[in-house]
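Below, each value reflects all heavy atoms present in this structure, side chains not excepted, and no hydrogens, waters or symmetry copies.
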Amino acid sequence: EPLVADVYDHERMDWAMQHFRPRVVLHAAAHKHVPLMEQNPSEAVKNNVIGTLNLVRACQAAEVEVFILISTDKAVNPTSVMGASKRVAEMLVQGLAPQSRTKLAAVRFGNVLGSNGSVIPIFKQQIAQGGPVTVTHPEMRRYFMTIPEATQLVLQAATYADSGEVFVLDMGEPVPIVDLARDLIRLSGLEPGRDIQIVFTGIRPGEKLFEELATDQESTDRTAHARIFRSRIEPPDPDTVLWAAHKLLNLARAGTSPTLLRRAMFDVLDVLEKRGSRDQIDTAANAIVDPDDGDDGSVSHDLPLPIREH
């Protein structure tokens, strides 16, 4: 039975979970387009952060057994709004898990070949049109896996979920995007540089040359599956990460400019990563003042309290 819904609509999420009563929820809904989220950080906050929180709460209320957040390698040392929003979402899962009867966990991995937005269909279309094939940078590298690999590993990781784990999938070695473009041109019976030109367009806002699956401070443990690892990340205080999410939402709903909201996201995330206090979250969020709108930077706290399980 198909259902169209917005994860930001908490009432709709509550109804869906109560109506369908699933045992396992795989949360893949997110705004994933990096440059678009740089221009629209308020939507990244509402969808990627608060949408995750809404769905976690709905799952808890409906006594769902397992909730898995589909995360991304862009959440590691994020340089983009999208990556920062997904890292806050990971921290919500980590922070809420110890007090939750629903088992909460996140699975972090890279790009999936053939999925929406994948470079493969774009390159194929450009080749079919006679080129050029556009690559952002000659040194750009990305992790890739196929759709069957990704789905099977996520489902396997769900069986290991217990209390706020962040699972990391073995993606193999990162692939140079320009090599991928050259291979596809040759597989089409053409020669790169002669029949089809490759044009470097420059790194887009928020993008990195190299993605990572774990920070230098994170260590990983093996699981029973050779390609699934459990990252050792200290969970944040649940009240602090909820406070941070609410602060960011208030800024997003207040019409804060993209530049200032982006800065607030990274400042607040920095406090969370350092396991700072609510007062430090307040300082980071309230420092965002737009001199053009006369706002004093204050933030309202009219959001409902989270569902807490005992």
Side-chain angles (χ1 to χ4, degrees), residues 1-32 42-72 75 82 85-109 115-116 147 150-167 235-250 252-253 300-310:
E1 182 180 349
L3 176 72
V4 177
D6 181 352
V7 291
Y8 182 58
D9 183 346
H10 68 88
E11 292 179 347
R12 183 70 162 161
M13 291 298 98
D14 290 340
W15 178 87
M17 293 302 108
Q18 294 292 340
H19 179 73
F20 290 102
R21 289 283 175 172
R23 292 177 56 195
V24 178
V25 170
L26 305 176
H27 175 36
H31 288 314
K32 305 178 184 71
S42 61
E43 296 307 306
V45 170
K46 290 189 286 186
N47 192 303
N48 298 357
V49 177
I50 303 303
T52 298
L53 178 57
N54 287 343
L55 196 50
V56 166
R57 288 172 167 171
C59 288
Q60 290 173 330
E63 299 181 337
V64 171
E65 293 179 22
V66 179
F67 169 93
I68 298 294
L69 167 68
I70 304 301
S71 191
T72 170
M82 194 280 274
S85 67
K86 293 294 278 187
R87 178 61 187 131
V88 175
E90 285 185 353
M91 298 181 89
L92 283 167
V93 168
Q94 289 181 276
L96 295 174
Q99 299 173 336
S100 176
R101 287 194 296 270
T102 298
K103 295 178 179 179
L104 310 177
V107 180
R108 186 191 287 169
F109 57 97
S115 62
N116 288 338
I147 293 175
T151 53
Q152 290 168 17
L153 289 173
V154 166
L155 291 172
Q156 184 69 47
T159 68
Y160 302 143
D162 185 33
S163 183
E165 296 87 356
V166 176
F167 294 106
D237 172 71
D239 291 328
T240 303
V241 71
L242 283 168
W243 191 256
H246 292 174
K247 282 283 190 176
L248 292 175
L249 177 58
N250 283 332
R253 294 197 304 193
S300 64
H301 309 296
D302 57 350
L303 291 166
L305 292 174
I307 292 173
R308 304 298 291 273
E309 296 192 359
H310 301 285

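Between Lys46 atom NZ and Ser85 atom OG the span is 13.5 Å, to the nearest 0.5 Å. If you take CH2 on Trp243 and CG on Asp237, they are separated by 12.5 Å, rounding to the nearest 0.5 Å. The structure places SG of Cys59 at 5.0 Å from CE of Met17, a figure rounded to the nearest 0.5 Å. Separating the CG atom in Leu248 from the CZ atom in Arg253 is a distance of 12.0 Å, to the nearest 0.5 Å. Asn54 CG to Met13 CE: the interatomic distance, rounded to the nearest 0.5 Å, is 8.0 Å. Distance check, rounded to the nearest 0.5 Å: CZ of Arg87 to OG of Ser71 gives 8.0 Å.
In this structure the side chain of Leu53 reaches within 4.5 angstrom of the side chain of His246, judged on heavy atoms. Between Leu26 and Val154 the shortest side-chain heavy-atom distance falls below 4.5 Å. Side-chain contact check for Lys32 versus Thr72: every heavy-atom pair is 4.5 Å or farther apart. No side-chain heavy atom of Leu104 sits under 4.5 Å from any side-chain heavy atom of Leu92. Looking at Leu69 and Thr52, their side chains come closer than 4.5 Å, going by heavy atoms from C-beta outward.
Within the 3.5 Å criterion, the main-chain N or O of Ile70 finds a donor-acceptor partner in the side chain of Lys86. A donor-acceptor distance shorter than 3.5 angstrom exists from the side chain of Glu165 to the backbone of Asp162, with no hydrogens or angles considered. One N or O on the side chain of Arg12 and one on the backbone of Val4 form a donor-acceptor pair closer than 3.5 Å. The backbone N or O of His31 sits less than 3.5 Å from a side-chain atom of Asn48, completing a donor-acceptor pair. When atom types are taken as modelled, the side chain of Arg101 and the backbone of Glu63 share no donor-acceptor pair closer than 3.5 angstrom.
In this pair, His27 and Phe67 present their aromatic rings tilted. The plane angle is within the 30 to 60° band.
Across Ile50, Val45, Leu55, Asn47, a single residue satisfies side-chain contact (heavy atoms from CB on, under 4.5 Å) together with Tyr8, and that is Ile50. Just one of Val56, Thr102, Val241 meets the side-chain contact (heavy atoms from CB on, under 4.5 Å) condition when paired with Leu96; it is Val56.
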TODO: Check the pair Glu90, Arg108 against salt bridge (Lys or Arg N to Asp or Glu O under 4.0 Å), reporting the backbone distance first and the verdict last.
DONE: CA-CA 9 Å; Glu90 285 185 353; Arg108 186 191 287 169; 2.7 Å; yes
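Heavy atoms only, all atoms of each residue included: Phe167 and Ala105 are closest at CE1-CB, 3.9 Å.
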